[in-house]
Every structure is written in structure tokens, then in C-alpha cells.
Amino acid sequence: FDFRALRTDGTECKGTVAAATAADARETLLVRALFPVNIAVRTGSAARGRMMRPAEAGLGLRILADLLAANISVAKAISTFSMLAPAAWQSALPDIQSAIWGGSSLATALGESSLALDPIIVTMIASGELGSDLVSGVARAADLSERSAANRNAIRNALAYPIVLAIAGTTSLAFLLIFVIPRFAAIIADVGGKLPRSTQAVLWMASAGRAALLPLIATGALAAVLWR
């Protein structure tokens with residue numbers, strides 16, 4: 001559920017809360033000392049959300065783990081974290097702070113926030129809280145996110161070289177088929193020469209390539225956007 005609520009000091013806050021019904025969402029907000037003004041079911045792409053990138057999650061969790069390792073309370077760690085957190089975390093921090101001040105655990109506050117963290121990360125933090133070792137739980141979650149980010153980068157780097165070779169080879173072949181060979185064919189035709197069957201087949205391929213040039217360019221551009 002999306003909600004808009006008032007804090008005890010009169011300031012307004014917005015965010016999301018996980019609940020089965022609107023009544024449950026209202027009760028959860030009241031427990032956090034938030035007074036609901038509006039509660040609405042999340043719909044469409046806003047409800048699905050895109051999961052936070054591992055690199056962004058890992059950086060934020062690493063900073064948070066270092067703060068908790070200084071033997072300060074979770075509430076104070078989150079307050080300090082708001083001044084150090086990466087940009088991807090900033091929009092969700094007010095709701096996380098409100099949840100912590102309302103008595104929620106760190107795992108619950110993170111899981112119900114708009115960060116869209118990997119559920120495995122939230123579970124690791126929750127297990128650390130249950131085992132009275134929150135610092136280790138957050139640190140392990142940071143390690144997992146950092147390894148995931150490193151693996152993604154390694155895969156992208158490994159695929160980059162063959163992709164560049166494939167693009168260069170395809171571009172060179174397309175240039176020959178579409179521009180170079182047809183000119184030679186025109187020269188041979190002008191002098192009255194007869195083209196062999198293999199050359200005629202290549203010219204047919206060049207003609208088909210010219211017809212498919214724009215769709216191929218559009219497909220390549222779309223693939224590049226999706227790859228990012």
C-alpha cells in the first residue's frame with residue numbers, strides 16, 4: 001500500500017507499507033507513531049518496482065554495517081547513515097527512519113521500504129537480528145551484494161570483446177554486400193560480362209541486406225538500450 005501520513009511532530013511523510021488489507025496497513029502505521037491521511041493499493045509498475053542494483057545495495061549496506069560496528073543504536077546509525085547514504089537510498093530513508101522510531105526491526109523497515117532490496121538480503125539481516133548479531137548480518141548482506149555486483153561486471157566484461165568483434169565483422173560484411181559488390185556488378189554489366197551464379201547469389205543477398213538495413217539498425221539500437 002502507498003500511504004501519506006503525519007508524524008507526531010506534524011510533518012508529513014510518504015511511503016509504502018506491506019500489509020494484507022488497508023486496515024492492517026493502518027494498524028502498522030499507527031504502531032510506528034504515524035497517523036494515516038491516505039492509504040491506497042499500489043498498482044501497475046509502481047507495485048512491481050525494479051530491484052535495486054547490487055552495487056548500490058552493497059555500498060549502502062557496507063556503510064550501514066560500519067556504522068553499526070561502532071556500537072551505536074540502530075536509530076542513531078540510520079540517522080547518521082542518512083548523511084552518508086548513496087543517492088539510490090535517499091528517497092526511502094525518511095520512511096525507514098520512521099519505521100525504526102516506531103519500533104520496527106531494521107530488516108522489517110528495509111523490507112517494507114521502497115528500496116526494492118533482494119529478499120535474500122532482508123532475510124540475512126533478519127537472521128542476524130534474531131541471532132543478536134545484527135552487525136554480522138548486515139555485513140554478510142553487503143558481502144553478498146558486492147559479490148553479485150562483481151559477478152555481473154565480470155560477465156559484462158567477458159561478453160564485451162566478442163560482442164565488439166561480432167559487430168565489427170557484421171558491419172564490414174554488410175558494407176561489402178550492400179555497397180562494394182553491387183558497384184562491381186554494375187561495372188561488369190556495363191562491359192557486357194555475364195555474372196556467375198555464385199556472384200548472382202551474393203548480389204541477391206546484398207539486395208536483401210539493403211531492404212533489411214533499417215530494421216537491423218533499429219534492433220541493434222534496442223539491444224544496446226536493453227544491455228545498459
Side-chain angles (χ1 to χ4, degrees), residues 1-20 22 24-68 72-126 128-129 134 137-139 141-146 148-149 152-153 225-226 228:
F1 291 87
D2 288 318
F3 72 85
R4 185 163 59 92
L6 297 177
R7 300 188 180 95
T8 53
D9 60 1
T11 58
E12 183 179 289
C13 66
K14 298 179 180 179
T16 60
V17 59
D24 291 340
R26 183 178 298 275
E27 290 296 328
T28 301
L29 294 174
L30 291 174
V31 168
R32 297 181 186 176
L34 297 174
F35 300 94
V37 175
N38 181 58
I39 296 177
V41 177
R42 305 202 79 189
T43 57
S45 59
R48 292 190 292 271
R50 191 183 69 171
M51 190 170 293
M52 177 178 282
R53 294 179 179 178
E56 296 170 339
L59 178 59
L61 290 170
R62 181 62 62 193
I63 296 172
L64 187 56
D66 291 342
L67 290 172
L68 292 170
I72 60 178
S73 67
V74 175
K76 188 172 182 179
I78 291 295
S79 179
T80 306
F81 179 64
S82 64
M83 297 182 288
L84 305 171
W89 288 70
Q90 290 293 340
S91 61
L93 284 176
D95 297 329
I96 294 174
Q97 284 182 305
S98 297
I100 295 296
W101 293 339
S104 296
S105 66
L106 178 60
T108 300
L110 292 175
E112 293 182 351
S113 71
S114 59
L115 289 177
L117 291 171
D118 190 325
I120 296 176
I121 290 176
V122 178
T123 302
M124 293 177 71
I125 296 174
E129 288 177 314
L134 177 58
V138 176
D143 291 338
L144 177 64
S145 297
E146 290 167 351
S148 179
R152 283 192 176 192
N153 289 335
V225 172
L226 292 177
R228 292 183 63 188

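Numbering of residues begins at 1 and proceeds along the displayed sequence. Values reported hereafter were calculated over all heavy atoms of this structure, with side chains retained and with hydrogens, waters and symmetry mates removed.
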Report the distance from atom [atom1] of [X] to atom [atom2] of [Y], rounding to the nearest 0.5 Å.
| X | Y | atom1 | atom2 | value |
| --- | --- | --- | --- | --- |
| I121 | L110 | CD1 | CG | 9.5 Å |
| S113 | D95 | OG | CG | 8.0 Å |
| M83 | L67 | CE | CG | 9.0 Å |
| M52 | S145 | CE | OG | 9.5 Å |
| R53 | L59 | CZ | CG | 13.5 Å |

With a 3.5 Å distance limit and no angle check, can you tell me whether W89 reaches the backbone of E56 through a side-chain donor-acceptor pair?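 Yes: the side chain of W89 pairs with the backbone of E56.
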Could you tell me whether the side chain of S148 and the main chain of L144 form a donor-acceptor pair under 3.5 Å?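 Not at all, since once roles are kept as given, no pair shorter than 3.5 Å links the two residues.
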Does some side-chain heavy atom of [Y] sit less than 4.5 Å from a side-chain heavy atom of [X]?
| X | Y | result |
| --- | --- | --- |
| I96 | L93 | yes |
| L61 | D143 | no |
| V138 | R62 | no |
| L64 | L106 | yes |
| T11 | L6 | no |

Who passes side chain to side chain donor-acceptor pair (under 3.5 Å) against [X], sequence neighbours left out?
| X | result |
| --- | --- |
| Q97 | none |
| R4 | E12 |
| D66 | none |

Residues 73-82, side-chain donor-acceptor partners within the protein, below 3.5 Å, at least two apart:
residue	atom	partner	partner atom	Å
S73	OG	K76	N	3.2
T80	OG1	K76	O	3.0
S82	OG	S79	O	2.5

Restricting to side-chain contact (heavy atoms from CB on, under 4.5 Å), what partner residues turn up for S104, sequence neighbours left out?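 With neighbours one apart ignored, the set is R32, A99, T108.
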side-chain contact (heavy atoms from CB on, under 4.5 Å) partners of P36, counting only residues at least two apart: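 Checked P36 against side-chain contact (heavy atoms from CB on, under 4.5 Å); matches are R26, L29, L30, I39.
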What are the two closest non-hydrogen atoms of L115 and A88, and how far apart are they?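 What the structure gives for the nearest pair is CD2-O, 3.9 Å.
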So does I120 have more than 12 non-hydrogen atoms from other groups sitting under 6.0 Å from CD1?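 Result for CD1/I120: open.
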